[in-house]
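The block underneath contains the structure these notes are about, expressed in structure tokens.
The residues of the chain are indexed from 1 along the displayed sequence. The model shown is predicted, which means the values in this text are computed figures rather than measured ones.
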Amino acid sequence: MGAALGGSGKSPRAGRVAVTVLLALAIAPATAIGSPRSVALRAADFILSAQDRHGAIPDSPRARTVNEDSNMEYALVGLAAAYGASGRERYLAGVEKGIRWLAAREEMDDPRWRGSWRYAYSAKPPYRPLAVSPGRGIADVRGVDATSSLFVYLLDLHRRLAGNGALAAELEPNARAALDFVLASNRLRSGFFASSWQLHGDAWRLWRFQYAADQGDVLLGLRAGARLYGHPGYADAGAFLTRRIPRAFFSSARGRYALGREGNARDMSREGFDGIFPQGYLPWILGPGRASRHAFAWLRDGVRRSGAVVPWTPGRAYTLSAAMLGLAAQGSDRRWPARSRRWLLRVPFDRRTGGFRDTAEARSPRYVNVAAFAILSLLRFRPWRGGPATSLERAAAGST
């Protein structure tokens with residue numbers, strides 16, 4: 001900072017004034033910038049501002065893609081949380097428009113892919129599927145377990161917040177197809193779920209890697225399907241995940257969840273933020289338990305003096321790392337460290353647009369899924385808020 005001021009041509013007094021202003025901003029209370037609720041609702045408005053008249057929400061305001069790797073679905077969960085906190089109808093309307101857009105993209109004709117989505121779509125009508133090539137001879141990806149599952153979770157979330165099940169009833173064929181696809185096409189003999197299907201040459205092959213966070217997405221969908229439609233297969237598969245996710249994916253030696261599993265072996269690699277994500281997401285879904293407490297503690301140990309959460313050394317100050325600490329605190333019945341919450345409100349939040357930067361860097365992009373997870377954390381939104389608990393949920397609460 002001193003070198004930058006010294007090279008700016010400003011007088012020493014001007015430099016001291018600038019430093020004083022920056023220090024004042026650093027120690028100002030969070031309310032000087034915005035309360036958690038007000039910031040969360042501004043972030044919801046940011047998501048809504050990206051939604052087009054057909055209901056599509058690009059992955060960021062200028063992105064050419066929609067719902068790449070389920071980004072739009074997470075954004076809709078954020079809008080639902082904003083409606084639950086504020087009662088503002090525009091958020092619920094945005095959720096319904098988004099669900100209808102997703103339903104229109106779902107494959108319902110081809111028997112092989114019925115109930116699935118493509119990995120990404122164009123952000124402009126007619127929203128054609130976009131081939132996504134992650135490399136290694138892979139030409140495209142589709143049939144992601146999380147995408148089909150989150151669609152059903154969104155339907156149940158809408159039902160509980162709207163106070164009626166009209167949309168869930170109307171789209172019941174779509175919801176059942178989505179869960180039936182995941183159960184028939186992505187479930188492995190172990191009972192866990194493979195990530196997706198990948199195109200190698202002319203052949204689609206199941207990528208058998210089991211992401212830890214994806215098991216949580218599937219669990220959300222299965223619980224929702226069991227609640228909405230009373231299908232015993234959904235309830236049984238969901239109960240299995242509730243019991244077995246901590247055993248299979250949590251490492252007591254490392255004190256955190258694995259990135260995923262290759263066969264029966266845990267993959268404890270980092271992959272940037274991907275290795276951080278399940279530490280907050282799974283406790284938020286599964287609730288209190290030994291694994292949730294340890295995952296929270298692992299994230300908490302990564303809180304730096306600034307409030308940024310940087311579990312890896314070296315590592316980047318991802319906005320989502322701070323949001324995941326908030327979710328882990330909820331799931332494990334712990335307190336979200338105040339300096340981490342203040343960092344989220346002050347540093348990555350863009351007061352001009354209402355979005356959140358992906359990292360602390362000023363030019364970092366503003367993704368709608370990042371805004372959504374910040375909303376969930378700041379509003380302390382629970383994944384099953386509203387409505388009576390089902391027998392599955394009661395069993396889940398007792399087993400974690």
Side-chain angles (χ1 to χ4, degrees), residues 70 73-74 76-77 80-81 84 95 99 102-103 106 108 114-117 143-194 210 212-249 281-289 292 331 381-400:
S70 312
E73 289 173 303
Y74 294 124
L76 293 175
V77 178
V95 174
I99 289 173
L102 288 165
E106 183 180 8
M108 293 294 286
R114 191 174 190 272
S116 70
W117 280 260
V144 177
D145 54 356
T147 305
S148 292
S149 303
L150 287 169
F151 175 76
V152 185
Y153 174 64
L154 284 166
L155 281 172
D156 188 50
L157 196 53
H158 180 274
R159 179 194 67 83
R160 287 181 282 124
L161 292 169
N164 69 79
L167 184 63
E170 176 188 341
L171 297 178
E172 180 176 351
N174 301 74
R176 287 182 176 272
L179 291 182
D180 291 347
F181 174 82
V182 170
L183 289 170
S185 300
N186 291 68
R187 184 164 55 169
L188 303 173
R189 288 185 178 181
S190 64
F192 296 111
F193 291 82
Q210 309 145 58
D214 280 20
Q215 312 309 308
D217 289 320
V218 175
L219 176 55
L220 288 175
L222 290 170
R223 285 187 183 180
R227 180 204 291 264
L228 288 171
Y229 309 117
H231 191 302
Y234 305 157
D236 292 345
F240 170 86
L241 289 179
T242 299
R243 292 193 306 269
R244 297 295 300 277
I245 287 173
R247 298 183 206 170
F249 291 88
Y281 194 53
L282 289 178
W284 181 68
I285 293 170
L286 293 170
S292 293
F381 185 80
R382 301 278 184 173
W384 297 104
R385 175 177 292 171
T390 64
S391 58
L392 174 61
E393 290 171 342
R394 289 193 293 271
S399 62
T400 56

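L157 contributes atom CG, which lies 4.5 Å from atom CZ of F381 (distance to the nearest 0.5 angstrom). Residue N174 holds its CG atom at 10.5 Å from CG of L102, rounded to the nearest 0.5 Å. Once rounded to the nearest 0.5 Å, the distance linking CG of L220 with CZ of F151 reads 15.0 Å. Rounded to the nearest 0.5 Å, atoms CH2 (W384) and CD1 (I285) are 9.0 Å apart. Expressed to the nearest 0.5 Å, how far OG1 of T147 lies from CD of E73 amounts to 5.0 Å. Between D145 atom CG and L179 atom CG the span is 11.5 Å, to the nearest 0.5 Å.
The two residues A177 and R114 come nearest to each other via the heavy atoms CB-NH1, 3.4 Å. What you find for I245 and G216 is that their closest heavy atoms are CD1-N, 4.3 Å. The two residues G287 and S292 have their closest heavy-atom pair at O-OG, 2.7 Å. Across all non-hydrogen atoms, the minimal contact from A80 to V95 is N-CG2, 3.6 Å. Of all heavy-atom pairs between S148 and S116, the closest is OG-CA, 3.7 Å. The heavy-atom pair separating L155 from A168 by the smallest distance is CD2-CA, 4.1 Å.
R159 is listed as a side-chain neighbour of D156, based on a closest heavy-atom distance under 4.5 Å. The shortest side-chain heavy-atom distance between W117 and L150 does not fall under the 4.5 Å cut-off. Annotation: side chain of D217 is not in contact with side chain of F193 (no heavy-atom distance under 4.5 Å). Residues L286 and L219 have side chains in contact (heavy-atom distance under 4.5 Å, counting atoms from C-beta outward).
Not counting sequence neighbours, Y153 has no partner by the side chain to side chain donor-acceptor pair (under 3.5 Å) test. Take F181 and apply the ring pair (Phe, Tyr, Trp, His ring centres under 6.0 Å) test, not counting sequence neighbours, and it matches no residue.
The aromatic rings of F240 and F192 sit tilted, their planes meeting at an angle between 30° and 60°.
In summary, of the residues considered (V152, I99, L154), a side-chain contact (heavy atoms from CB on, under 4.5 Å) with L171 occurs for I99 alone.
Residue pairs meeting the side-chain hydrogen bond (donor to acceptor under 3.5 Å, both in side chains) criterion with at least one partner in residues 180-194, sequence neighbours excluded, are D180-Y234.
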